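Worth saying up front: this structure is predicted, and the values here are computed from it rather than measured. All values below come from the heavy atoms of this structure, side chains included, with hydrogens, waters and symmetry mates left out. Chain letters run A, B, ... following the sequence lines, proteins first, then strands; residues in each count from 1.
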2 protein chains.
Amino acid sequence: METKGRALRADAERTVRAILEAAERVLSSDPTATMEQIAAAAGVARTTVHRRFVTREALVDALAAWATQRFHEAVEAARPRTSPPLVALHQVTVNVLQVKIGWGFAMSRTAPTDPEVARAHADVLDQCDHLFRRAREEGLLPPDVDLEWARRVYYALIHEAAEEGRGAEEGAVDALAARVVDTLLHGVGTSK
Amino acid sequence: METKGRALRADAERTVRAILEAAERVLSSDPTATMEQIAAAAGVARTTVHRRFVTREALVDALAAWATQRFHEAVEAARPRTSPPLVALHQVTVNVLQVKIGWGFAMSRTAPTDPEVARAHADVLDQCDHLFRRAREEGLLPPDVDLEWARRVYYALIHEAAEEGRGAEEGAVDALAARVVDTLLHGVGTSK
DNA sequence: AATACCTGCAACATCGATGTTGCAAGTATC
DNA sequence: GATACTTGCAACATCGATGTTGCAGGTATT
């Protein structure tokens, strides 16, 4: 999965990581932040950022690619195609929340330029769709459910939960995920 | 409610409207669009935009203020403090959706600078909270409902519905609102 | 220890977006 | 129809962000 021409030296690798993490932090609070600010947050000189990422766009793309990688792994790790729908739903939610809380900005990018990133997103979409279909077969979702709408609601709930989980403790993710799944299936109203 | 020093001439008034509408259109598809692009979309010269709005920030603020005005009116018009909770919920949703479909960008601005705008948002928040409390009293929401979470979910659902309603016909708003309310209360799962 | 790589710093070049001004021609208002 | 407002156009000024280069000092790797 090496996209660069040659392996980086250990310290350079760390620098790249530091820049990506700083970019996430800074850009999530201000999407129009300058390279200068990102460099400062990463604890490196601005020129060093340009050395690693030719343009601003390249940096943002790399950021998106990195986060998408994590995102994809998070979904895969939940084995959404094989484990029981309800279990898979919960596990996927937990895993994705964990990634999204830390890489919210990078994952909010729409219309990725990198085809690799686009493929990953499409694959995740596919797995989500597949999972929902299985949930429908099991009676978890009604036969006439609008799968498109269900997916949108699911994504939106995860987004909100991630937002809320931003300043929360580490262990709260499970509770957040439980609430997301519960709300997705039954809403916030009184159960009949 | 006049914030300007003097009334504008009729044609100038129209120009301002055209600029605001163009800004909404252009900025919603690309938040970093230039004044040039906005001017072009409005069918005026760039200098004219600067004549009406001193800086870019002033334009965006004015846009937010305009949309917030509409938003506030939309909520008020539904009489959420007096009509029955379920009715109010539906009516508020319809009204807000109508505004949000047309002024999505302007309403997505966070942390408004104008105190007037901040007050309007706070007031809407208050009305939403009040409505949810009444809904709880009526048994529509469970006694132990997390009102904060419920509100977040409600906002998110409206956001999604507005997104979907962007390219839809005029009359579909009622159906969208019905789905939002239903999803908010019962989720997308099979009702027990 | 020799080598190749990495970084900070300073200086420079470029570029696009923003904002201003003056004026001539057009248009609303009375 | 006189007046005051509005607009487009062209020209100019400014500014911050981006991207580049050279070099000297430091660090990983062998």
Side-chain angles (χ1 to χ4, degrees), chain A residues 2-66 105-106 109 113-114, chain B residues 2-66 105-106 109 113-114:
Chain A
E2 278 298 330
T3 53
K4 300 296 180 118
R6 169 122 102 271
L8 293 174
R9 222 171 69 177
D11 52 353
E13 198 86 49
R14 261 175 301 161
T15 301
V16 170
R17 277 284 296 259
I19 294 174
L20 287 176
E21 284 169 8
E24 166 59 35
R25 252 177 298 141
V26 174
L27 292 176
S28 69
S29 88
D30 175 15
T32 71
T34 70
M35 297 296 242
E36 185 78 52
Q37 295 173 265
I38 296 172
V44 301
R46 187 176 61 90
T47 47
T48 299
V49 178
H50 274 111
R51 235 187 296 266
R52 295 299 159 210
F53 306 95
V54 188
T55 66
R56 183 182 219 283
E57 201 189 353
L59 169 57
V60 175
D61 284 357
L63 189 58
W66 169 267
F105 169 81
R109 295 285 69 187
T113 56
D114 187 345
Chain B
E2 278 298 332
T3 52
K4 298 297 179 123
R6 169 126 98 272
L8 293 174
R9 224 172 68 178
D11 50 354
E13 198 87 48
R14 262 175 298 158
T15 301
V16 170
R17 277 285 297 257
I19 293 174
L20 287 176
E21 284 169 7
E24 165 60 35
R25 253 177 298 138
V26 173
L27 291 177
S28 69
S29 91
D30 174 17
T32 71
T34 71
M35 299 294 247
E36 185 77 53
Q37 295 172 264
I38 296 172
V44 301
R46 186 176 64 89
T47 48
T48 300
V49 178
H50 275 111
R51 235 186 296 267
R52 295 299 160 207
F53 306 94
V54 188
T55 65
R56 182 183 220 282
E57 201 188 354
L59 169 57
V60 174
D61 285 357
L63 189 59
W66 169 267
F105 170 80
R109 296 284 67 186
T113 57
D114 188 345

| Would a 4.5 Å heavy-atom cut-off, applied to side chains only, mark M35(B) and L59(B) as touching? | yes

| query | With respect to the side chain of V54(A), which nucleotide from dT20(D), dT18(D), dA28(C) is positioned closest? | reply | dT20(D)

| field | Donor-acceptor contact below 3.5 Å, side chain E21(B) vs main chain A18(B) | value | no

| request: Using heavy atoms to find the nearest nucleotide of DNA chain C for T47(B) and A10(B) separately, return the residue whose nucleotide is more 5′. | output: T47(B)

| Atom pair distance, as rounded to whole Å: CD1 in I38(A) and P in dA17(D) | 12 Å

| request: Figure out the CD/P separation between E13(B) and dC5(D), and round it to whole Å. | output: 15 Å

| According to a strict under-4.0 Å criterion, is T15(A) in side-chain N/O contact with OP1 or OP2 of dT7(C)? | yes

| remark: Of the listed dG8(D), dT7(C), dA28(C), the closest approach to the D11(B) side chain comes from dA28(C)

| With no angle test and no hydrogens, is the base of dG19(C) tied to the side chain of R51(B) by a donor-acceptor pair under 3.5 Å? | no

| task | Respond yes when some side-chain nitrogen or oxygen of T48(B) is under 4.0 Å from OP1 or OP2 of dT7(D), and no when none is. | result | no

| remark: Separation of dG22(D) atom C1' from H50(A) atom NE2, nearest Å, is 17 Å

| Can you check the E36(B) CD to dC15(C) P distance for me, whole Å? | 18 Å

| Stepwise side-chain contact (heavy atoms from CB on, under 4.5 Å) check, D61(A) with D114(A) | CA-CA 7 Å; D61(A) 284 357; D114(A) 187 345; 5.8 Å; no

| message | Strictly distance-based, threshold 3.5 Å: is any side-chain N or O of E24(B) a donor or acceptor partner for the main-chain N or O of L63(B)? | response | no

| request: Run the numbers on V16(A) and F53(A) for side-chain contact (heavy atoms from CB on, under 4.5 Å), then give the verdict. | output: CA-CA 9 Å; V16(A) 170; F53(A) 306 95; 4.0 Å; yes

| How close or far is atom P of dT27(C) from atom CG of L8(B), stated in whole angstroms? | 19 Å

| dG8(D) base to R46(B) side chain: any donor-acceptor pair below 3.5 Å? | no

| query | Between dC5(C) atom C1' and R52(A) atom CZ, what is the distance in whole Å? | reply | 9 Å

| query | Under 3.5 Å, is there an N or O donor on one side and an acceptor on the other linking the side chain of R9(A) and the base of dT29(D)? | reply | no

| field | Rounded distance in Å - CD (Q37(A)) to P (dG16(D)) | value | 13 Å

| message | Nearest whole Å is fine: how far is dA17(C) P from L59(B) CG? | response | 16 Å

